[in-house]
Amino acid sequence: MQQPRKTASESTHSTPAFDTDDSNHTACTAESTTDLLTVEGLRVQFPSPDEPVRAVDGVSFGIADGEIVGLVGESGCGKSVTARSIIGLDPPEAAVRGSIELDGTDVTAASERQLRRLRGDTVSMVFQNSMETLNPVLDIGEQIAESTKVHDHPDSQRLLDYLHAPLFSSRADWHERREHAAELLDQVGIASPEERVDDYPHELSGGQIQRVAIALALASDPDLLIADEPTTAVDATTQAQLLDRFRHLNDTRGMALLLITHDLSVVAELCDRVVVMYAGQVVETGPAGRVLRDPSHPYTRALLNCLPQRVDRNERLPTIEGAVPDPTDDRSGCPFAPRCERATDDCRHGDVPTIDLGDGRGTATCYDVDDSRPAAPYNRPGITVTAGEDESDPTREPTTAAETPAAETPSSESTARSSTREKTRPESTADGDRQPLVELEGVTKRYATANGLIDRLFGATATRRAVADVDLEIRAGETLGLVGETGCGKTTLAELVTGLETPTAGEIRFGGDPVGGVESRSAETLADVGVVFQNPRSSLNPRLTVEQLVAEPLRSRGWSTGRRRERVRTVLDRVGLSEHRARSYPHELSGGQVQRVAIARAIAPDPTLIVLDEPVSALDVSVQARILNLLSELQAEFGLTYLLISHDLAVVEHVVDRVAVMSRGELVEIGPVDRVFDQPTHPYTKTLLASIPSLSPEETTGVRPSASDGVSSSLDRPTR
Amino acid sequence: MTADLSRRHLLSSVGGVGFAGLAGCAETGLDDTETAFTIVPGSDPTGTGDSWDNWGGMAPYWTRVVEPLVWGTDDMQPQPWLATDWTATDETTWVFELREGVSFHNGTELTADDVVHSFEENILTERGDFVHGWLHLEPGSVDRIDEFTVAFETTDPFPGFPGTIAHNMIDIQPPEADRRAGEIIGTGPFELAKMDQGQQLRVERFPDYWGGEPAPTELAFRAAEDATTRTDLLEAGEVDLVYEPATSRISGLRDRDNIRTEIQQSSASRFVSINIHRAPTDDTDLRRALNYAISQSEIVDTVLEGIGEPAHGPISTVIDWAADESLPRYDRDRDTARELVSQSSYDGEALTCLVETDMDDGRTLVQILQEAFKSIGVSLDIEVLEKASLQDRTDRGEFHLELTNSQSNSPAADYIMWENFHTMGIENKDLYEAEGTGLYNLGGEVDDLIETGFQSYDATETRESYIAAQRAIMDAAVVIPLFYEEYVVAADASIDGLDLHPIDKFAQWGDLTRTA
Amino acid sequence: MSGVLGSVGTAVRRRYRALRTSRKVAAFCANPLNVVGLALVVAIAVAAAVGPFIAPYDPTTQQLTNRLQHPSLAHPLGTDQLGRDVLSRLLHGARLSLGIAVAVTGIRLTLGTTIGLLAGYAGGWTDEFLMRLVDVQLAFPGLVLALVIAGILGPSLRNVMLALALVGWASYARLVRGTVLATKERNFVRAARLLNVSRFRIATRHLLPTVAGPVVVLATLNMGTVILGTAGLSFIGLGAQPPTAEWGTMLSDGRHHLRSAWWIANVPGVAIMLTVLGFTLLGDGLRDVLDPKRDATIEKLS
Amino acid sequence: MDDATYLLHRLGTSIIVLLGVSVVTYGLLFLTPGDPAEVILTQQLDRQPSASEVESFRATHGMDDPVPVQYVSWVTDVLRGDLGTSYYSDTAVSTLIVDALPLTIELAVASLLVALAIAIPTGVLSAVHRGSAIDYASQLGALVGVSMPNFWLGYLLILVFALTLGSLPVAGAGSYGQLVLPAITLGTGMAAVLTRLIRSSMLEVLDEAYVDTARSKGLRERIVLYKHALRNALVPVVTILGVQLGSLLNGAVVVEIVFQRPGLGMLLVDAVFERNYPVVQGITLVTAGIFVGTNVLVDLSYRYLDPRVELGGETV
């Protein structure tokens, strides 16, 4: 029914032959009219109670047929708004200016009918939070069938037909389309697709959902697929498979892809070209390899520096000082200027020119591109400069995979890397000598899935096992990392340690003494354990001020008002919150500040152990770096022991001493981080580690063992 | 059971047809022919669910399906009906001659056996002792003399017997009738066709009626107990005739060309009865003062829109022994009233006045009383109560005044005197027996007078005794008479042949016709 | 859309930092219907407060010669079937009708909130028992049970209030318990437990304030329900005894004059309508501001 | 929880609730001032009973037994379908109820249809044009309906449609025409609640990503609204339908009186005023039973409307 629109030869420009694409890219940056998509001077504003919010503030870029472009930037920089404008889905209250030429049609001026044709034929979008992008009350097959129907007959859509009203719709037609839907599901790598078409979204796992969302987008055989954070919500293993799938689709269908992400490693993995946005503006564009290796704009550079992958463990991460400018401000000049150490007066006023770096190396909107090889102004002395930073020659041709030293790509499995680590981490061998602070012995936690009087009467005793027979020690002064996929029992284990849950079987000992749940613990034991919850905002009562929040544990320890105030001031100062924040309410704070408050509260009673549940997962890279730095400073200063739960292996690798790997409630592997990451013994750990995307674009398709779908089926299961 | 079926049909079709279909559907009422009429009586023609209404298997009040032996004339005298003549052969024996050639709706002829059956099996047996006291008959006291003669043996001398059994409820049905199953077989001009409890009752002409074939082919009696709803039904043209339209609407109806209104004096009378056994209304001065505070004519002229006659006593003037003219008069005189109040034992406490929720204009009237009493320095608390609460209160004698009315549904109205004012009357007996008091019973001479009136076969003696009793009652101001009731019947202007009766439930429909 | 507005919202939030309260006020005022609701409620409250002092006539004094007068200068809203000034009765009735609503809602709220807090906080068998009690109350259609209770107790305003209060508390109990349970599982309460915050402090400092919002919303919406319930019971014959100027009773008494003297029924009718409308709009507005996520829940209960 | 377990669970809770309901219903008898036996006998005899009559009545009706024993025997009778006999006619209470119930159900169903017919288009329109004049007008319009006392609205409708326009019957029961005005009277109140809910529910749904997904497919807005959005928006609406039945039953009492429909409501009011306890208890019990039963059904149907729903999830 659907003819591939591109021939195989047209799509050969894609990976891995990065350098052969130069001609193509040059065409793009020159805003060629043959481009599939040309965005020119796009501005999107939303009304707000006083000044309008400039969500997108003058964005221009293009995508050629069959090209994979990454649109990157931190949250709130306007990536998603730009993407939505491309398919004409701006909210009605938004003011859109500029032009978006898509396959010859200006989206901003298109009629409803033209838009419908474009959406049904030319462009598709995979939205962020795929779980929410599928209609929960319609089954998968129906949703895909609709797409194909729209694609075939965009101009004759009758409500009653789509509602399957008996006399107004053809059952045979719909049936045929469902069969086609199964084919599409098969193409995106869903096992037994004939059964899945009858499933409802909630019956699928996160990874499957994401695949279905992609299948849905593919149903109309688009020329351009926009994918908004397609891998943010999925586990590392699934992410790897999905990226592989995208690449495959691009190869076989010759479909152009606009990939929106905040994750630079995803860009490195997949994209031909990258567009970097900051505060609603494009600050840099260029081939992915060049941008990651050799960023031109100070912001791009700073962003890359913050990544834990790029910095040795126990080293302080570089950070970007200051905050993203207020989008309601009337601004002029470079938006990054206030945070840029190299900013001049020119940067702060007037239009900053977009400079073509030449040779297909893209553009940068900065005065400072020519001598943009500083001695790492954002790096602290003593940091080993990795990856791109050690390349000092800006004119150098992009390297190929073979030319890049593997040792500098932290996620790759190489002996070179492990040798580096042994150098930087001599103390890890001494781990065994530390005293156990907390011991878990045979700890098991089961949840009853039904409760209430009636069930008790009927004796319904269905249970779900969350944690199974776990033995674990947390040694004084160490950072123990707990990793695993969503639903593996990490958080439950943490709650058992804190006492929020009590074990069904087994024993937990603090300093050798068995402890129970929160209610039965002594005040001292409670004060000994601090907790920073996942999603810190929810752990702060929105009705209390920062001061009250931090003082709360002190009050319950019976501290006097004066002493409390003193301590609150001390800890707030210590976590880097200024005095005037003390009277703020949580909702008035940014994500990073909220996390600081949560940390301040955790350390206020002077605990010995702090449980950190995904402490940085909700934060942007630059903020994440600052929080991670803070945590290591605090640990050094107060001799804290950390139990750190994270699904972000890069963070774990950077921060922890020992790592424990959990899968389906069981502890499958534990050991020093070097050993586990370099020589995993358990197959699960191997799969997990293999799925970490590389920051280096030169490592390309097919090399990665994790990407095979065969492994996935055991991991890719419903998370219910 | 047919009712059930149709409802179920309706219910199932609601789902199918849906709302859109609702508006367009036809009425289930009568065929709109010249000889069919829809009538809305003042009370539910299918009965209120009260066994009293339904003891003949249906409410016989309005429908002329079943008939008693005796009827009542327009001046409330017994009138030959299924019985053509009756005589008291001794103090306690009544012999009735039956009309010959009367056919039941099933074709059989009315004989003495049917009368004996109706009384012995139904009236006296099924309803128990209340009926025995009412009719002064015990089971086994009705005898067939011959095919068309029946004798009744009353328990005590009861001259009012023929008038008392001139009541819709004392109906004659043959043994073939199955009242409980709703199979009603009467002798009346109309046969029962269909009854939807609480909604409507339809009857059809009985061509072999002994009084001649009635004019209407079909009648429907609709239930609408709310006066405003009745008025609306008539104004909307949904029905042909309504009883007692809302007082507030009468002048509007009169102004309409397509509607005619008839006023008929009723056997009912509205008054306030005063509990003479409870302080401070046990003080005659206070009771007289209350009487002097009221202007009956003002009430009739204002809130009643002129419907009713200002009253001087508790007995409607259609009843031949009503004393009205000869009673002591208490025309409104606030000075006298205030003076009497100050003489009395009244010291400012609020009196309680009860009124039943359902009484037409009850809430309005009682507020007028309140205002009138206020003007003479007597304060009144109003309690509008529903039937059961009201009865509970009166049974216990815990009130001072009650706005009430008396109405006879048979020509013999004697029981109004007996039940209200005799110490052994239903209102007073329990309290008298329990506490030696009562409610409205002056006792002594008044009791004697009422007994004489009740038991005398001499009409003049009855009349004089009752008048004397009424005079004594009004002297002692046991009641505050308000008005003799009149009722309005409003009908489509084209309708002729209305035959109204002081007892509203005695209306005859046989002559109803529609003029062109 | 949520994602976009979310990130935009962060910016807006920053802008309006430290203006927490005024932002809520602004959000409330953004919807004209909310303002209308507030204005109506304020107007009715003012009428209840000063009504009896500004009423031109005594509400019970009759003038039979002057009955059923059309609205005029002397009687701006006409006179009723007994010649009483309708405006004066309306003004006096405002206090009574609003008073009934406040009293009934107050009893419901106090009783329900106490039981809800107890059930939600105590848990276990106490919870089980109290919630079954709530279920039983909610198993009766409210007005039907109120009718039966008031009818058996006998018609009077006090009995009507008692009956309405008895049939309305369970909604509060269920709402409060639900909120408490949900809040108990919220991380900030779990955090407080870990921080060894006392049960009492958790209850007063963390749970009660969370409960207050939804309860206020429900109570506001309830005011209208109670006023309508009172009117309904008045119509059935269980309301205020004459000559009390209570709106439901006035409306019910005036219905016979709807055709001939429209003002007698329609004036209290409109007053009831506007009052109920006012409270409903206000309640909706408060819900949008205080408790935007629980629409269906409160709808179920109110 | 699977469906069978859930059903069992729901049935179990319902039985407990109904037991509680029966206790309350039985307890109504003791609300009455005075001795129940005396009250009943007074009603039956239409006069004050003597002390010996009361005593023998108590004995024959087991009223000398402790209250719990009396209650158990009452419940036993009820379970056998014997709700007692009306004091005023020899009719069984169950017969009275069976006769009256269809009229009330008919009214409730028609009102529900009216309410949905008003609420769905208004709610969707209101949500789509959020913040516009159309939105405010339709919200206000919907609310006016619910703010009017039922009986007043009923009489006004009679005035306009039956008397002035003469297009619809004034009162009565038995024909579809006679159902229209009562259904509108009762339906408008419910329509307001539903409109409000559909609006807010639609607003929430319109913000959902899947609506954008549907649009991004190139679907027409009408299909997006009425297929993708409305179906989801109706889910919370269905959950309150069961509860709204309660308000319909409440309203039916008044509306039946206004329109002279001898349904359950009218029967109940008459019975209350007559202190006809068996009838009062019977209707109260049956009404509560219907209410509880409907809510179980609604819960079950909810499952089929929204495939996400796990039966038994605690709704707060």
Side-chain angles (χ1 to χ4, degrees), chain C residues 1-3 5 30-33 36 132-133 135-145 147-149 151-154 174-175 177-179 181-182 224 228-229 231-232 235-237 248 251-252 255 258-259 265-266 269 272-277 280-281 284 294-297 299-302, chain D residues 13 16-18 20-21 23-24 28 31-33 131 136 139-140 143-144 146-152 155-156 159 163 193 196-197 200-201 204 206-209 212 236-237 239-240 243 245-247 249-251 253-254 257 265 268-269 272-273 275 280 283-284 287-288 291-292 314-316:
Chain C
M1 194 179 294
S2 55
L5 296 183
N31 185 338
L33 293 181
V36 171
R132 293 295 84 81
L133 213 60
D135 285 348
V136 169
Q137 199 254 274
L138 289 177
F140 293 99
L143 204 61
V144 170
L145 187 60
L147 158 72
V148 171
I149 293 174
I152 290 178
L153 290 176
R174 187 173 270 188
L175 178 68
R177 172 183 176 270
T179 314
L181 285 187
L228 287 178
F235 169 72
I236 291 167
L251 173 54
S252 171
R255 71 179 197 274
L258 209 51
R259 201 106 208 252
N266 290 343
I272 290 175
M273 187 183 86
L274 291 179
T275 310
V276 176
L277 190 65
T280 314
L281 289 174
D284 281 351
R294 307 179 65 92
D295 211 31
T297 311
E299 212 70 73
K300 260 174 124 162
L301 297 171
S302 66
Chain D
T13 348
I16 292 182
V17 168
L18 285 177
V21 164
V23 171
V24 172
L28 288 174
L31 266 186
T32 178
Y136 296 134
Q139 281 192 69
L140 207 60
L143 280 178
V144 164
V146 79
S147 303
M148 293 172 81
N150 269 337
F151 63 94
W152 183 44
Y155 283 118
L156 288 179
L159 195 63
L163 297 185
V193 178
R196 213 160 57 180
L197 190 59
S200 61
S201 176
E204 214 163 284
L206 287 176
D207 264 353
E208 293 284 351
D212 282 337
V237 175
T239 61
I240 76 149
V243 181
L245 177 77
S247 78
L249 291 172
N250 286 334
V253 174
V254 165
I257 294 175
L268 176 67
V269 171
V272 165
F273 282 170
R275 300 269 166 92
V280 172
I283 296 177
T284 314
T287 317
F291 197 27
V292 170
E314 174 83 353
T315 44
V316 171

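A, B, ... follow the sequence lines: proteins, then strands. Residue 1 opens every chain.
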Of the backbone (N, CA, C, O) and the side chain (C-beta and beyond), which part of [X] lies under 4.5 Å from a heavy atom of chain C, both, or neither?
| X | value |
| --- | --- |
| D/Phe273 | side chain |
| D/Val146 | backbone |
| D/Val280 | side chain |
| D/Leu156 | both |
| D/Leu159 | side chain |

A side-chain contact here means heavy atoms from C-beta on lying under 4.5 Å apart; do [X] and [Y] qualify?
| X | Y | answer |
| --- | --- | --- |
| C/Phe140 | D/Thr284 | yes |
| C/Arg132 | D/Thr13 | yes |
| D/Leu28 | C/Ile152 | yes |
| D/Leu143 | C/Val276 | no |

Which heavy atom in [X] sits nearest to a heavy atom in [Y], and how many Å separate them?
| X | Y | answer |
| --- | --- | --- |
| D/Tyr136 | C/Asn31 | CE2-OD1, 3.0 Å |
| D/Val17 | C/Ala139 | CG1-CB, 3.7 Å |
| D/Val254 | C/Ile236 | CG2-CD1, 4.1 Å |
| C/Leu228 | D/Ser147 | CD2-O, 3.5 Å |
| D/Trp152 | C/Ala265 | NE1-O, 4.2 Å |
| D/Leu268 | C/Val144 | CD2-CG1, 3.6 Å |

Residue part contacting chain D, namely of [X], when any heavy atom lies under 4.5 Å:
| X | result |
| --- | --- |
| C/Ser252 | both |
| C/Ile149 | both |
| C/Leu147 | both |

### Task
Find the distance between CZ (D/Arg196) and CG (C/Asp284) and round it off to the nearest 0.5 Å.
4.0 Å

### Whether D/Phe151 and C/Phe235 hold their rings parallel, tilted or perpendicular, with breakpoints at 30° and 60°
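D/Phe151 and C/Phe235: parallel rings.
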
### Query
Picking from C/Leu258, C/Thr280, C/Ile272, C/Leu251, which has the most non-hydrogen pairs under 4.5 angstrom with chain D?
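Highest number of pairs under 4.5 Å: C/Leu251.
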
### Task
Identify which of D/Gly131, D/Gly251, D/Ala288 forms the greatest number of heavy-atom pairs closer than 4.5 Å to chain C.
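Looking at each of D/Gly131, D/Gly251, D/Ala288 in turn, D/Ala288 comes out on top.
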
